[in-house]
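The structure under discussion appears below in the form of structure tokens.
We count residues from 1, following the sequence as given.
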Amino acid sequence: MASRLKVLRVFKALHRTRMELFKEDTRALTAARRKINEEFRKNKNETSEENINQMIKMAAGVEVFLRQDVVQAEHVAEDRIQLRPRESLLLENVPYCDTPRKRSSSNNAPKQSCNDAPITRCE
């Protein structure tokens with residue numbers, strides 16, 4: 001009974017992630033829904049507790065991967081793609097430092113780190 005609850009929990013988590021990830025893309029929403037349902041239906045009659053736990057771990061890993069690593073993109077022109085990152089992805093980003101460090105003539109002088117340089121945004 002406990003494994004049934006775990007299966008339902010990861011099933012719902014996958015569908016919630018699908019809804020958030022492909023918010024405005026009905027084609028991707030439908031394809032992801034079909035694939036999730038197909039995979040769970042295919043293994044619906046599994047009785048081995050060990051196999052069920054292994055599949056739960058794999059499904060949870062897929063859900064984490066989708067939530068943390070997938071960014072939706074859209075073709076807006078022949079040579080342009082528009083990325084639509086979610087807010088949760090933007091908060092975890094660290095600004096890239098593209099300014100070179102200043103070298104000092106003496107070895108004892110502290111070097112300027114990337115964190116000391118002013119942050120500039122690309123437009």
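One hydrophobic cluster, built from ILVMFWY side chains closer than 4.5 Å, holds both Met19 and Phe11.
Residue pairs meeting the salt bridge (Lys or Arg N to Asp or Glu O under 4.0 Å) criterion with at least one member in residues 45-56: none, sequence neighbours excluded.
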Taking distance alone, no hydrogens or angles, what donor-acceptor pairs closer than 3.5 Å link side-chain atoms of residues 54-66 to residues at least two apart or in another chain?
residue	atom	partner	partner atom	Å
Glu63	OE1	Arg67	NH2	3.0
Glu63	OE2	Thr17	OG1	2.6
Glu63	OE2	Arg67	NE	3.0

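Using a 4.0 Å cut-off between a side-chain N of Lys or Arg and a carboxylate O of Asp or Glu, Lys42 and Glu39 qualify as a salt bridge.
With contacts defined as side-chain heavy-atom distances shorter than 4.5 Å, the pair Ile52/Arg4 does not qualify.
To the nearest 0.5 Å, the span separating CD on Glu78 from CD1 on Ile81 amounts to 10.5 Å. How far CG of Leu29 is from CD of Glu20: 11.5 Å, rounded to the nearest 0.5 Å.
Residues Arg33 and His15 approach most closely at CG-CE1, 3.8 Å, considering heavy atoms.
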